[in-house]
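Side chains included, hydrogens not; waters and symmetry mates left out as well; all remaining heavy atoms used.
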Amino acid sequence: EDTPFLRSIQNDDNKQFRNMILIDPKKYPAVDRINIYGDKVSIISFKNKIVLTMESESVAQTFRSLFELAWIGSQKVGKVSPNPYIPPKN
């Protein structure tokens, strides 16, 4: 959501080693969470009090690909960070 408070947090993206894109939650609601870590994916429904965790390299990679596609698309409809974090090249 694009609010003055979230913009102030977003302004610190570079210092916090993160990148945020603020989107309209009314147009693109996402009340549940998906966490991807290692070869695991957790889908969390706070409303239904359900957590589903899957351990699968291919499922985790599929969700990472979906995240990357969503990130690319959200840059077109959201407010991109004015101070993005750019990881150092190895």
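Cluster annotation: F67 and I21 are assigned to the same hydrophobic cluster (Ile/Leu/Val/Met/Phe/Trp/Tyr, side-chain heavy-atom contacts under 4.5 Å, transitive). A continuous path of Ile, Leu, Val, Met, Phe, Trp and Tyr side chains, each step under 4.5 Å between heavy atoms, connects I34 with V59, placing both in one hydrophobic cluster. There is a path of hydrophobic side-chain contacts, each under 4.5 Å, that joins W71 to I23.
Rounding to the nearest 0.5 Å places CD1 of I50 at 10.5 Å from CD1 of I43. Distance CD/Q61 to CD1/I36: 9.0 Å, rounded to 0.5 Å. R7 CZ to M20 CE: the interatomic distance, rounded to the nearest 0.5 Å, is 11.5 Å. The OG atom of S81 sits 7.0 Å away from the CG atom of N11 when rounded to the nearest 0.5 Å.
When the side chain to side chain contact (heavy atoms under 4.5 Å, CB included) test is applied to V77, the partners found at least two apart in sequence or on another chain are Y28.
Heavy-atom neighbours of F5 CZ from other residues, nucleotides or ligands within 6.0 Å: at or below the threshold of 12.
The shortest non-hydrogen separation linking Y85 to N19 is N-OD1, 2.6 Å. In plain terms, the two heavy atoms of G38 and R64 that are nearest each other are O-NH2, 2.6 Å. Between F46 and V31, the shortest heavy-atom contact is CD1-O, 3.9 Å. Counting all heavy atoms, side chain and backbone alike, K40 lies closest to A60 at N-CB, 4.2 Å.
At least one side-chain heavy atom of R18 sits less than 4.5 Å from a side-chain heavy atom of I9. Side-chain contact between I44 and N35 is present, with heavy atoms from C-beta onward closer than 4.5 Å.
Between the side chain of N83 and the backbone N or O of D13, no donor-acceptor pair lies under 3.5 Å.
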